[in-house]
There are 2 protein chains.
Amino acid sequence: MQDGQRIMGRVAMPYDVFAANCPTRLVLDRLADKWALLVLERLRGEAVRFNQLRRDVEGVSQKVLSQTLKRLERDGLVARTVYPTVPVTVEYALTPLGLNLADTVSAFAHWAERNIEAILAAQAAYDGREGAGA
Amino acid sequence: MQDGQRIMGRVAMPYDVFAANCPTRLVLDRLADKWALLVLERLRGEAVRFNQLRRDVEGVSQKVLSQTLKRLERDGLVARTVYPTVPVTVEYALTPLGLNLADTVSAFAHWAERNIEAILAAQAAYDGREGAGA
DNA sequence: TCCATCGGTATCCAAAAGATACTATGTGAC
DNA sequence: GTCACATAGTATCTTTTGGATACCGATGGA
């Protein structure tokens, strides 16, 4: 399944997302987050300030946005820049690593947009069967 | 905002993941789930039975796996087949729609595997700054 | 003076995740 | 006969998380 990959001459452990103790699980864990995905998608192409982000990503609360950004920053996916303007300005932007990921995330988001109707139809069919059966 | 969408006609794509009331949010919500992603990835290429899945996707509990599969089935991404063998056999497989998505998921998982070291390094750097600064 | 904006933190509560135990049915071992 | 195991889940309980709300200091405008 996973051939041993070598990174910088070092023989790395063959990362396996299915293994409970694999560090890739951490990544998956962090990225399997609605808000993180939306933030990454929103940050594609331009830096955005905190409250702007809060307005654009509808439905996110300050606390959750704050936490999400902090995690993304810790993971090296987002860079936080503080400008000492009069009300302090904080700008968030994708790092190269984050930009790289955001492309994958974008594929995800667009898949959702393309296939939402099929999913809604499947849900309706499923609920119909359940409702009739019960 | 998305008043003009036609279900049958496949006209434009008025869907916007950033809008709180957009149905794509439902998809994102469902898919932004660690276990769902792992299940989809595991189901690529072959049908798997419940307990086998449970063993393969390390760390998942029965309850969560059961819930996850039920949701994926409702979304039309996974098909559930019951064989009336002696201890009943239940097989889960990707639907065409699910397979389509699984390819995107796979890109995600492989991104994680490729970039895990960069992320771990970023985390270490971040934690070092935090530890030293505070 | 009062209220707004900036970028957050603190607090509380509801919802979800996770661990554990249990169900039913049937097989093989002892 | 009955003990233990397998199948595929459900039921229950606890812990963790997510989300809503309130609040913070500083500043500027009506």
Side-chain angles (χ1 to χ4, degrees), chain A residues 18-21 25-26 28-39 42-43 47-75 78-93 126 129-130 133-134, chain B residues 18-21 25-26 28-39 42-43 47-75 78-93 126 129-130 133-134:
Chain A
F18 295 117
N21 58 344
R25 273 289 181 89
L26 295 174
L28 211 65
D29 228 343
R30 192 109 310 155
L31 266 37
D33 171 31
K34 179 174 60 165
W35 300 121
L37 295 181
L38 286 170
V39 165
R42 178 65 190 82
L43 253 36
V48 184
R49 286 181 302 149
F50 186 86
N51 276 325
Q52 187 61 46
L53 209 45
R54 188 157 107 76
R55 280 187 293 269
D56 290 349
V57 180
E58 292 181 15
V60 71
S61 70
Q62 294 104 316
K63 193 191 90 171
V64 171
L65 180 57
S66 181
Q67 286 176 345
T68 301
L69 285 168
K70 219 173 282 182
R71 277 179 249 183
L72 290 174
E73 191 196 356
R74 190 172 103 95
D75 291 343
V78 157
R80 180 176 182 273
T81 313
V82 180
Y83 299 99
T85 50
V86 131
V88 67
T89 299
V90 181
E91 220 176 53
Y92 292 91
Y126 182 94
R129 282 196 304 275
E130 287 299 293
Chain B
F18 295 117
N21 58 345
R25 273 289 181 87
L26 294 174
L28 210 65
D29 229 341
R30 192 107 311 155
L31 267 35
D33 172 31
K34 179 173 59 163
W35 301 122
L37 295 181
L38 287 170
V39 165
R42 179 63 190 86
L43 253 37
V48 185
R49 285 181 303 149
F50 185 86
N51 277 326
Q52 186 61 46
L53 210 44
R54 189 157 108 74
R55 280 187 293 268
D56 290 349
V57 180
E58 293 182 14
V60 71
S61 70
Q62 296 103 314
K63 193 191 87 171
V64 171
L65 180 57
S66 181
Q67 285 176 347
T68 301
L69 286 168
K70 220 172 281 182
R71 275 179 250 182
L72 290 173
E73 190 195 354
R74 189 173 104 96
D75 290 345
V78 158
R80 180 176 182 273
T81 313
V82 181
Y83 298 99
T85 52
V86 127
V88 67
T89 299
V90 180
E91 222 177 50
Y92 291 91
Y126 183 94
R129 282 197 305 276
E130 289 297 295

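Not measured: the values here are computed from a predicted model. Convention: sequence-line order gives letters A, B, ...; per-chain numbering from 1. Computed from heavy atoms alone, side chains included, the values below leave out hydrogens, waters and symmetry copies.
Nearer to the 5' terminus of DNA chain D, by closest-nucleotide assignment, is the contact made by Arg49(B) (compared with the other of Lys63(B) and Arg49(B)). Position along DNA chain C of the nearest nucleotide to Val64(B) versus Tyr92(A) favours Tyr92(A) as the more 5'-ward residue. Nearest-nucleotide positions on DNA chain C place Phe50(A) closer to the 5' end than the other of Phe50(A) and Asp29(A).
Counting only heavy atoms from C-beta outward, the side chains of Tyr126(B) and Lys70(A) approach each other to under 4.5 Å. You'll find the side chain of Leu26(B) stays beyond 4.5 Å of the side chain of Asp75(B), heavy atoms only.
Atom CG of Asp56(B) and atom CG of Asn51(B) lie 10.5 Å apart (nearest 0.5 Å).
Scored by the salt bridge (Lys or Arg N to Asp or Glu O under 4.0 Å) test, Arg74(A) finds Asp127(B) as partners (sequence neighbours excluded). Not counting sequence neighbours, the partners of Arg80(B) by the side chain to side chain contact (heavy atoms under 4.5 Å, CB included) test are Glu73(B), Val82(B), Val90(B), Tyr92(B).
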- Test side chain to side chain contact (heavy atoms under 4.5 Å, CB included) on Leu43(B) and Leu53(B) and set out the steps. CA-CA 9 Å; Leu43(B) 253 37; Leu53(B) 210 44; 3.7 Å; yes
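Counting 5' to 3', DNA chain D first comes under 4.0 angstrom of a heavy atom of chain B and last does so at the ends given by dT7(D) to dT12(D). Nucleotides of DNA chain C with any atom under 4.0 Å from a heavy atom of chain A span, from 5' to 3', dC6(C) to dT11(C).
The heavy-atom pair separating Asp29(A) from Lys34(B) by the smallest distance is OD1-CD, 3.1 Å. The shortest heavy-atom contact between Ala32(B) and Leu37(A) is CB-CD1, 4.1 Å. Among all heavy-atom pairs drawn from Arg30(B) and Ala36(B), the shortest one is O-CB, 4.1 Å.
Taken residue by residue, residues 66-74 of chain B places heavy atoms nearer than 4.0 Å to DNA chain D at Ser66(B), Lys70(B).
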Between side-chain atoms of residues 57-65 of chain B and protein atoms elsewhere (two or more places apart, or another chain), which donor-acceptor pairs fall under 3.5 Å?
unit_1: Glu58(B); atom_1: OE1; unit_2: Ala20(A); atom_2: N; d: 2.8
unit_1: Ser61(B); atom_1: OG; unit_2: Val64(B); atom_2: N; d: 3.3

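Residue-level contact check: Tyr83(B) touches neither bases nor backbone, having no heavy atom under 4.0 Å from any strand.
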